[in-house]
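Worksheet: one structure, shown below.
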Amino acid sequence: YIDIRDILFLNYINILSKVHNTMDFQFKSLITEKDHVGVVFCDSKNRLLGHAKKLDQISKKSISTVVNNDASFQKRKSKTFDYAIVHTPANLKLSKIYVFRLGDYSKFSVRDFQILGGHLYALISFYQEDKVGIYPDGILSKNINAINSCSEMMLGSLLASYKFDKYKTVNKKETKSLKIKIYSSNYSRIEKNYPNVVAVAEGVTMTRNLVTEPPNVMTPPEIAKNAASLEKYGVEIKILGEKEMTKLGMGSLLSVGRGSEYESKLAIMKWTGHKNKKKKPIAFVGKGVSFDTGGVSLKPANGMQEMKYDMGGSGVVVGLMKALALRKAKVNAIGVVGLVENHIGNMATRPSDVVTSYSGQTIEVLNTDAEGRLVLADALWYTQEQYKPEFMVNLATLTGAIVVALGNEYAGLFSNNDKLSKQLEEAGKIEDEKLWRFPLHDNFDKMINSPIADMQNIGTGHPGSITAAQFLQRFVNKTPWAHLDIAGTTWTKSLLPTSPKGSTAFGVKLLNRFVNKYYEGK
Ligand code: BES
Ligand code: ZN
Ligand code: ZN
């Protein structure tokens, strides 16, 4: 799907880039201005697309001459990332023109345009350009209209430009603002849609920031504070602390935070964007374990540092709510995040303790490292009881077993509802945040029966991701529900076309697409 040479080149660019760019997009009709470098496109047979043909005429074929002769350009062949450079084209007041050679753009998908945008960003940033004009007309795909294809390309650039260097005091890359003008005959419609692009990019950025922050900073109260910051975008906020949760009887969630100095929280975000304010909401629930030591069932030292991203599910829910609010999505949506730190301590839960959940069901905690499901048990029950949603989707870095099954490529999908599953899978395909559905079954459910309580928090058999999902299912009542196990996809150790190493925010784009495609205005 993406060429290995692209990856090598992206890495190379990433390491050698001297500056970091923030992007500022502007939109213009198809006039030829000066004082910038141009970005134009050609097809796999070197035929210039859209306005590039006109520029080539004006410049007495200086573009097509380079395109047809550039030896290195001719040798590489990949879907989106060949480029050639035309220096000082005749008759044009452009200092340089980058020509991107595209594969079969007539079949480009949403994701192809995002990847193209990511590559564009890498290249422009590498060459330290500061004023760029892009001429996207002519890249017409059967699968997506011209406005959306340009929007997805811009989104790809914005996502690829993410960086997190607030704790660096030396060797910090200089940050420069990059002015990009989109020259297009559709410019006004592209401009009108741009706030929607920014909304998604801001949502993803917020998720990445929350997940990347170290666990001594991004504690449960701090995540709650970040969720509460969405109030300024019109999101209603409710935060429950330990006192309130004790009163409600949330013994399952609270059992996880007992070894921690930080107060456990349940943060609820409510976005009312549907014209019928009383319409049943849709609900998203996130696991927010700010750090997972494993508790008394302590994890081995090796790799434990990765457990700062164990709040990834909650990060996605907060980022998604931000995106929905910023683009004023026509939907009523609830976001609920269970926030705890799973630490060791005098009062920490012991393996074999029995706790009573908010639903009234009792749980024998046999392994304190299977804590995510304990958090979600109370968060899910609370969500369905308080808000009677049309459905609930929860996200959690829940099991190591899902990484064994699916690696870093797919997230696990578990659901009691076929329609919901299909919609999520479809949205995932579009955004290249792919889901793979696993089975649920009564015989798996039996594996979490406890001899002394209603259930135990680890299964007796081998299918660890499934028994974890069966556990969650006992807390959804009859609500249509889907669980996304994102343990393998929340964090990336290698650079991706639209994500630097680290937090991917996997799930934000997927769920934003899912909401937009199936639930908005309906
Ligand atoms: N947070 C972990 C799961 C995890 C593992 C996330 C690797 C990301 C990468 C979860 O709380 C956990 O520890 N699960 C245990 C469950 C087991 C004790 C039944 C696991 O998967 O080993
Ligand atoms: Zn754990
Ligand atoms: Zn965990």
Side-chain angles (χ1 to χ4, degrees), residues 211-212 215 218-220 223 252-253 255-260 264 285-316 337-345 348-353 363-379 394-412 414 438 444 447-448 450 455-472 483-493 502-507:
V211 177
T212 312
M218 203 44 70
T219 60
I223 304 173
S252 182
L253 185 151
S255 76
V256 180
R258 287 174 59 87
S260 172
S264 300
V285 181
K287 166 179 174 181
V289 176
S290 65
F291 193 78
D292 182 9
T293 65
V296 173
S297 315
L298 194 63
K299 283 183 183 295
N302 216 339
M304 197 201 278
Q305 70 280 4
E306 291 188 5
M307 286 301 111
K308 78 163 182 179
Y309 68 69
D310 212 20
M311 39 61 69
S314 67
V316 169
V337 290
L339 307 170
V340 299
E341 182 184 51
N342 188 22
H343 218 274
I344 42 179
T349 298
R350 293 153 289 258
S352 78
D353 279 0
I363 305 161
E364 186 183 15
V365 180
L366 289 183
N367 188 321
T368 63
D369 196 13
E371 84 298 341
R373 61 199 77 179
L374 297 172
V375 175
L376 287 172
D378 284 348
N394 78 255
L395 300 104
T397 48
L398 202 65
T399 64
I402 205 71
V403 193
V404 176
L406 298 174
N408 312 114
E409 205 58 45
Y410 283 73
F414 304 81
F438 282 76
F444 293 132
M447 293 175 174
I448 55 169
S450 155
M455 70 195 89
Q456 56 191 42
N457 78 329
I458 52 173
T460 48
H462 293 295
S465 299
I466 296 176
T467 46
Q470 294 289 167
F471 185 97
L472 299 183
H483 151 54
L484 310 185
D485 193 336
I486 56 171
T489 54
T490 290
W491 194 263
T492 176
K493 288 183 178 165
S503 168
T504 59
F506 181 106

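Read the numbers this way: they start at 1 and go in the same order the structure lists the ligands and their atoms. Just so you know, residue 1 is the first one in the sequence shown, and it goes up from there.
Contact atoms of ligand 1 toward Ala487: 6 (C), 8 (C) (distance under 4.0 Å to a heavy atom of the residue). Atoms of ligand 1 found under 4.0 Å from any heavy atom of Tyr309 (numbered from 1 in listed order, with element): 8 (C), 9 (C). The Glu371 neighbourhood of ligand 1 comprises atoms 11 (O), with distances under 4.0 Å to a heavy atom of that residue. Listed by atom number, the atoms of ligand 1 under 4.0 Å from Thr399 heavy atoms are 3 (C), 21 (O).
Of the options Met307, Lys287, Glu306, Lys299, the smallest heavy-atom separation from atom 9 (C) of ligand 1 is shown by Met307.
In this structure, a donor-acceptor pair under 3.5 Å is absent between the side chains of Thr349 and Thr368.
No donor-acceptor pair under 3.5 Å is formed between the side chain of Ser297 and the backbone N or O of Gly294. Although no hydrogens or angles enter the test, the distance criterion places a donor-acceptor pair under 3.5 Å between the side chain of Asp378 and the main chain of Ser252. Formation of a donor-acceptor pair under 3.5 Å by the Asn457 side chain with backbone atoms of Leu366 is found in this model. In this structure, Asp485 contributes its side chain and Thr399 its backbone to a donor-acceptor pair below 3.5 Å. For Ser314 (side chain) and Met311 (main-chain N/O), a donor-acceptor pair under 3.5 Å exists by modelled atom type. Between the side chain of Thr504 and the backbone N or O of Thr489 there is at least one donor-acceptor pair closer than 3.5 Å. Under a 3.5 Å cut-off, the side chain of Lys287 and the backbone N or O of Gly338 do not form any donor-acceptor pair.
If you check which protein heavy atom lies closest to atom 19 (C) of ligand 1, you get Ile458 CG2, 3.4 Å. Of the protein's non-hydrogen atoms, Gly400 N, 4.4 Å is the one closest to atom 22 (O) of ligand 1. Scanning the protein for heavy atoms near atom 18 (C) of ligand 1, the closest one is Asn367 ND2, 3.5 Å. Considering only non-hydrogen protein atoms, atom 2 (C) of ligand 1 sits nearest to Asp292 OD2, 3.6 Å. Of the protein's non-hydrogen atoms, the one nearest atom 16 (C) of ligand 1 is Arg373 NH2, 3.9 Å.
Expressed to the nearest 0.5 Å, how far CD of Gln305 lies from CZ of Phe291 amounts to 7.5 Å. A distance of 9.0 Å separates CD in Glu341 from OG in Ser264, rounded to the nearest 0.5 Å. In this structure, CD on Glu371 lies 5.5 Å from CG on Asp310, to the nearest 0.5 angstrom.
In this structure, Trp491 does not count as a contact residue of ligand 1, since none of its heavy atoms falls inside 4.0 Å of the ligand.
Each protein N/O/S atom under 2.8 Å from the Zn ion (ligand 2) was counted, for a total of 4.
Of the residues listed (Ile486, Val375, Leu484, Leu472), the one engaging Leu398 in a side-chain contact (heavy atoms from CB on, under 4.5 Å) is Leu472, and it is the only one.
For Asp369, heavy-atom contacts with ligand 1 shorter than 4.0 Å involve the backbone as well as the side chain. Counting heavy atoms closer than 4.0 Å to ligand 1, residue Leu398 contributes backbone atoms (N, CA, C, O) but none from C-beta onward.
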